[in-house]
Amino acid sequence: METVVSGIRSTGKLHLGNYYGAVQNFVKMQHEYNCFFFIADLHSLTTHPTPADLHQNVKQVLVEYLAAGIDPEKATIYIQSEVPEVTELYLYLNMNSYLGELERSASFKDKIRAQPENVNAGLLTYPVLMAADILMHRATKVPVGKDQEQHLEMARTFGNRFNRLYQHEYFPEPYAFSFSENLVKIPGLDGKGKMGKSEGEGNAVFLSDSPDVIRKKVKSARTDSLPTITSSGEEMQKEIEKVRIAFKIKSPAVQSLFDLMKVVSNSQTLDYFEYQYKNGTIRYGDFKKQLAEDIIIATAPIRERIEDIAKNESYLRQVSRFGAVKARESAQKTLKDVREIIGFKRF
Ligand code: TRP
């Protein structure tokens, strides 16, 4: 059976993008592969969370993994920091990763721009730690989004380099893996790109959001693409809208809301609003009301389970201990081989 590894950084609550883009696929994969799903809390240290936040965020992701349907009896669910073998492999891989290639990584460049006051070495070697996560279980399939493609390529590079250096075909090549045919990209409510927690308040709908919060967020989602400042601006806006409708081109913001509807609503609802859009009779207020209600229905079972599981500390302890034992078993096998390949010998 092939091995699948994926992780989510514990930097807060999971949103619809995490769920439809990743976790829902994890749930399907657990029946067919040897799956390891972990919470990347070591990766989250690059932004220096407080001890209380660190723990709270790890708990949040663990609870939400379970609420979404990842089964600890089928997949191995673990917390990265509870498997110390990963930091050892990270150290070995660091010896074969080069400053130039690490500096060229797109995520590193983004981070430098986003947090110029905190360009730490952990940020630079983030892809090495990620490679260690994957290679530690000798995984070949990694369900991640497009934005992680470059990191995966680096994981292949580091694994291959290790193999070449020690002339040992040890690490297999991991590749991005999508379980469903069409990779769903969940747009943010602001119409400016994907849903994300760092994109600003109101852009993301979280799995744990209450129905009222969901209604409020969707209601204030933008449907136009330009701010209307003056009355002539408003006129222009109307003209643009007419041209769009004539050519059947939706504004990015409207397209985003339709994309969301495609995921959470049934096809009749979607067709109904598409038809109205084409006829120019769509009322965005009604459209958004329907979208909000369908998001609420689609996420209701998960929301309820989140509340129950979060209260059950002993279950969370049991799941994380069990997961750590299974993950360490796999990791220790690899590390034993790796130490031998490198040439560490005990006297
Ligand atoms: N870098 C990933 C992200 O930001 C998280 C991650 C860390 C990961 N280690 C991984 C994903 C290993 C897949 C496999 O989303």
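Start at 1 and go down the list; that is how both ligands and their atoms are numbered. Each residue takes its place number in the sequence, starting with 1.
One finds a salt bridge joining Glu313 and Lys59 here, because a Lys/Arg side-chain nitrogen approaches an Asp/Glu carboxylate oxygen to under 4.0 Å. Taking a cutoff of 4.0 Å between a charged side-chain nitrogen and a carboxylate oxygen, Lys74 and Glu32 do not qualify as a salt bridge. Salt-bridge formation is not detected for the pair Glu64/Lys13: no Lys NZ or Arg NE/NH1/NH2 atom is positioned less than 4.0 Å from an Asp or Glu carboxylate oxygen.
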Apply salt bridge (Lys or Arg N to Asp or Glu O under 4.0 Å) to residues Asp190 and Arg222 and explain how you reach the verdict. CA-CA 6 Å; Asp190 60 5; Arg222 291 179 44 190; over 6 Å; no
What verdict does the salt bridge (Lys or Arg N to Asp or Glu O under 4.0 Å) test give for Glu293 and Arg215, after you've listed the backbone C-alpha separation in whole Å, the side-chain angles of each residue and the deciding distance to 0.1 Å? CA-CA 7 Å; Glu293 292 313 311; Arg215 285 188 192 106; 2.6 Å; yes
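Val58 and Phe206 sit in two unconnected hydrophobic clusters of ILVMFWY residues. Membership requires side-chain heavy atoms under 4.5 Å apart, directly or through other members.
Protein residues lining ligand 1, listed by chain and number: Ser6, Gly7, Arg9, Phe38, His43, Tyr126, Met130, Asp133, Ile134, Val142, Val144, Gln148 [non-hydrogen atoms, distance under 4.0 Å].
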